[in-house]
Amino acid sequence: QVQLVESGGGLVQPGGSLRLSCAASGSIFRTYNMGWYRQAPGQQRELVAIITNEGITNYADSVKGRFAISGDDAKNTVYLQMNTLKPEDTAAYYCQGTIVATVSSPVRAYWGQGTQVTVSS
């Protein structure tokens, strides 16, 4: 019922910037929060940033001050602006939404397919 599609990943030099987008489509009654996670090869998936339906944001310490999460409720889209990128930011980035699909649906987490971000010279 709900699909999340990420875009905006790619190759960037250290110190550069990228903006990731995640568009949600399908049946969406209410979104409680949207977040970005990342996972490097051989590593556990970690939370990068999250934004609630009230606009409250939280960030991993490793990206605080460099990344910014924002959302557009009308477009059902969440963004991740990534600045001052470092090689250690290299990972597959996944969009996650905590969403109620219909008025009678339970809340659940939906995941996008991921988009690769590579920070390298």
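Since we're looking at a predicted model, the values are computed, not measured.
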Any non-hydrogen side-chain atom of F67 less than 4.5 Å from a side-chain atom of V48?
yes

Salt bridge (Lys or Arg N to Asp or Glu O under 4.0 Å) involving D73 - partner list, sequence neighbours excluded:
none

Is the ring centre of Y37 less than 6.0 Å from the ring centre of W111?
yes

Distance, nearest 0.5 Å, that separates CE of M34 from CG of L4
5.0 Å

Can you give the donor-acceptor pairs under 3.5 Å from side chains of residues 6-14 to other protein atoms, not counting sequence neighbours?
residue	atom	partner	partner atom	Å
E6	OE1	Q113	N	3.0
E6	OE1	Q113	NE2	3.2
E6	OE1	G114	N	3.0
E6	OE2	C95	N	2.7
E6	OE2	G114	N	3.2

One should read off an interatomic distance between T98 OG1 and R30 CZ, to the nearest 0.5 angstrom, of 12.0 Å

Can T52 and N33 be counted as having a side-chain donor-acceptor contact under 3.5 angstrom?
no

Measure from the side-chain N and O atoms of T77 to the backbone N and O of K75, and report whether any donor-acceptor pair falls under 3.5 Å.
yes

With a 4.0 Å cut-off on N to O distance, would you call K64 and D61 a salt bridge?
yes

Could you check T90 against V117 for side-chain contact (heavy atoms from CB on, under 4.5 Å), going step by step and ending with a plain yes or no?
CA-CA 5 Å; T90 296; V117 172; 5.9 Å; no

So does E88 have more than 12 non-hydrogen atoms from other groups sitting under 6.0 Å from CD?
yes

Calculate, to the nearest 0.5 Å, the distance between atoms CZ and OG1 belonging to R66 and T84 respectively.
6.5 Å

Testing the basics here: between S105 and T102, what is the closest heavy-atom pair and its distance to 0.1 Å?
OG-OG1, 2.6 Å

Going from CG on L80 to OG on S21, what distance comes out if it is rounded to the nearest 0.5 angstrom?
9.5 Å

Any side-chain heavy atom of V107 sitting closer than 4.5 Å to one from V100?
yes

Cationic tip of R38 within the cone over Y94's six-membered ring, i.e. under 6.0 Å and within 45° of the normal?
no

With no hydrogens and no angle check, just 3.5 Å: does a side-chain donor-acceptor pair link S17 and N83?
yes

Taking all atoms of both residues into account, what is the closest heavy-atom pair of W36 and L47, and its distance?
O-CD1, 3.6 Å

Interatomic distance, CD1@I50 vs CD1@I69, rounded to 0.5 Å, equals 7.5 Å

